[in-house]
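These notes are about the structure you will find just below.
Every chain is numbered from 1, with letters handed out A, B, ... down the list of sequences.
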Amino acid sequence: MPELPEVETSRRGIAPWVEKQTVKTVVVRDRRLRWPVPADIDRKLAGTTIDRVHRRAKYLLFETASGTMLMHLGMSGSVRIIEADEPAMKHDHVDVLLASGKALRFRDPRRFGCLLWAEEPLEHPLLRDLGPEPLADDFDGDYLWRRARGRKVSIKPFIMNANIVVGVGNIYASEALFGAGIHPRRQAGRVSAERMNLLADAIKAVLQRAIRAGGTTLRDFSGGDGEPGYFRQQLDVYERAGRPCRRCETPISAVVLGQRSSYYCKRCQR
DNA sequence: ACTGGCACCTGGGCGC
DNA sequence: TGCGCCCAGGTGCCAG
């Protein structure tokens with residue numbers, strides 16, 4: 001899926017077209033997402049105005065006066081602005097038709113995403129136990145170090161755990177660990193406070209760079225305006241197994257960790 | 001409390 | 001061209 005930079009890129013792409021817009025109606029073609037789209041989503045949204053589009057972790061939050069539509073893009077989801085009469089293709093599951101004549105179209109071939117309604121979104125079970133935002137000030141090396149006390153899990157799945165910190169997916173976890181010079185299989189509890197500082201900084205840096213580039217181009221992803229992201233060519237290790245490390249020329253290694261493929265330089269990362 | 005493993009689902013790429 | 005296999009950006013849930 002879209003990782004955090006892709007979700008943030010999508011949010012920025014759609015926000016100008018959606019904020020302050022009144023919803024005409026919601027068309028649900030297939031409600032079988034990870035959880036069923038609520039049967040009354042149209043009743044909740046029709047006639048209300050979307051005041052703001054926020055992001056929390058990888059969720060997009062469409063805020064209205066009466067509640068919030070939660071959207072998650074899963075592994076293969078995308079959202080974009082279209083003309084309301086544009087014909088729907090396969091996997092275009094939901095349209096939110098706007099007073100402007102445009103529509104917000106949600107597409108998700110694998111249907112791992114979701115579209116829900118909550119009156120108090122931050123208290124929703126899916127959101128309430130999430131860790132800090134990686135780009136916020138309350139996320140730093142000291143926080144990571146404290147949370148890692150006594151943890152035996154490898155550092156890579158540790159930073160991918162949304163309960164620890166949100167928004168670090170499989171691509172950027174590998175990239176951040178390369179940036180910090182930490183081996184992905186090192187136990188979280190055995191990373192020094194000093195190196196946790198490097199790691200927190202590397203997570204922030206890689207996410208910010210990716211957002212600036214408009215996200216990483218992947219099979220299904222494009223931003224709200226339909227333009228692909230350009231970060232992929234800047235990746236240091238992800239999907240670069242066997243190719244030379246950009247720092248030391250050693251061939252990049254691949255290993256499976258927590259059922260996810262992981263990439264690293266065995267010379268630069270310890 | 002923590003950990004690892006499985007599940008959900010579709011499609012693309014590969015080797016034969 | 002077709003078939004079977006493996007892999008893919010996430011994350012909730014389960015048993016141990």
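- Tracing side-chain contacts under 4.5 Å through hydrophobic residues (I, L, V, M, F, W, Y), one never reaches A:Phe112 starting from A:Tyr59; they form parts of separate clusters.
- The CG-P distance, from A:Asn161 to B:dA1, rounds to 14 Å in whole Å.
- For the pair A:His91 and B:dG11, the criterion of a side-chain N or O lying under 4.0 Å from OP1 or OP2 is met.
- Take A:Arg149 and apply the side-chain contact (heavy atoms from CB on, under 4.5 Å) test, not counting sequence neighbours, and it matches A:Trp145.
- Within residues 182-193 of chain A, no residue has a heavy atom under 4.0 Å from DNA chain C.
- What separates CD of A:Glu239 from P of B:dG12 is a distance of 16 Å, to the nearest Å.
- Evaluation of the side-chain contact (heavy atoms from CB on, under 4.5 Å) rule for A:Arg146 yields A:Asp142, A:Tyr143 as partners, not counting sequence neighbours.
- Straight-line distance from the NZ atom of A:Lys156 to the P atom of B:dG4: 13 Å, rounded to whole Å.
- Residues A:Met196 and A:Ala188 share a closest heavy-atom pair of CE-O, 3.6 Å.
- Checked against C:dG10, B:dG4, C:dA8, the side chain of A:Phe112 finds its nearest nucleotide in C:dG10.
- Counting distance only, with no hydrogens placed and no angle test, the side-chain atoms of A:Arg110 and the base atoms of B:dC9 include a donor-acceptor pair under 3.5 Å.
- Spacing between atom NZ of A:Lys90 and atom P of B:dC9 amounts to 15 Å, rounded to whole angstrom units.
- By the 4.0 Å N-to-carboxylate-O rule, A:Arg52 lies close enough to A:Glu19 to be salt-bridged with it.
- In this structure, A:Asp95 pairs ionically with A:Arg29, as a charged nitrogen and a carboxylate oxygen lie closer than 4.0 Å.
- No side-chain donor-acceptor contact under 3.5 Å links A:Gln187 and A:Arg151.
- Distance CG (A:Asp30) to C1' (B:dT10): 12 Å, rounded to an integer number of Å.
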Which pairs would a plain distance check flag for residues 117-134 of chain A, meaning a side-chain donor or acceptor within less than 3.5 Å of a matching protein atom at least two apart in sequence or in another chain?
residue  : atom : partner  : partner atom : Å
A:His124 : ND1  : A:Leu126 : N            : 3.0
A:Glu133 : OE1  : A:Arg55  : NH1          : 2.9
A:Glu133 : OE1  : A:Arg55  : NH2          : 3.4
A:Glu133 : OE2  : A:Arg56  : NH1          : 3.0
A:Glu133 : OE2  : A:Ala57  : N            : 2.6

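- In terms of phosphate contacts, A:Arg151 brings no side-chain nitrogen or oxygen within less than 4.0 Å of OP1 or OP2 of B:dA1.
- In this structure, A:Arg111 does not reach the B:dC8 phosphate: none of its side-chain N or O atoms is under 4.0 Å from OP1 or OP2.
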Pairwise N/O distances under 3.5 Å, protein to nucleotides 12-16 of chain C:
residue : atom : partner : partner atom : Å
C:dG12  : O4'  : A:Arg34 : NH2          : 2.8

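- In the set C:dT11, C:dA8, B:dG11, the nucleotide with an atom closest to the side chain of A:Arg260 is C:dT11.
- Side-chain contact check for A:Lys156 and A:Ser262: at least one donor-acceptor pair (N or O, by modelled atom type) lies under 3.5 Å.
- Look at A:Lys152 and you won't find any side-chain N or O under 4.0 angstrom from OP1 or OP2 of B:dA1.
- Other residues, nucleotides and ligands place more than 12 heavy atoms under 6.0 Å from the CG atom of A:Asp40.
- A:His72 has a side-chain polar atom (N or O) that falls below the 4.0 Å cut-off from OP1 or OP2 of C:dT11.
- The residue from A:Ser174, A:Cys245, A:Pro184 that alone fulfils the side chain to side chain contact (heavy atoms under 4.5 Å, CB included) condition with A:Gln269 is A:Pro184.
- Straight-line distance from the CZ atom of A:Phe158 to the C1' atom of B:dA1: 13 Å, rounded to whole Å.
- Rounded to an integer number of Å, the gap from CD1 of A:Ile171 to P of C:dA8 is 11 Å.
- Between the side chain of A:Asp236 and the main chain of A:Glu175, no donor-acceptor pair closer than 3.5 Å is present.
- As rounded to whole Å, 17 Å separates atom P of C:dG10 from atom CD1 of A:Ile164.
- Phosphate proximity of C:dC7 to A:Ser261: absent, as no side-chain N or O sits under 4.0 Å from OP1 or OP2.
- C:dC3 and B:dC9 have their P atoms separated by 23 Å, with the value rounded to a whole Å.
- Using a 4.0 Å heavy-atom distance criterion, A:Arg32 is classed as making no nucleic acid contact.
- The neighbour count for A:Arg190 CZ, taken as heavy atoms of other residues, nucleotides or ligands under 6.0 Å away, does not exceed 12.
- A stem is defined here as three or more consecutive Watson-Crick or G-U pairs, each with both distances under 3.5 Å; for DNA chain C these stems are B:2-8 with C:10-16, B:10-16 with C:2-8.
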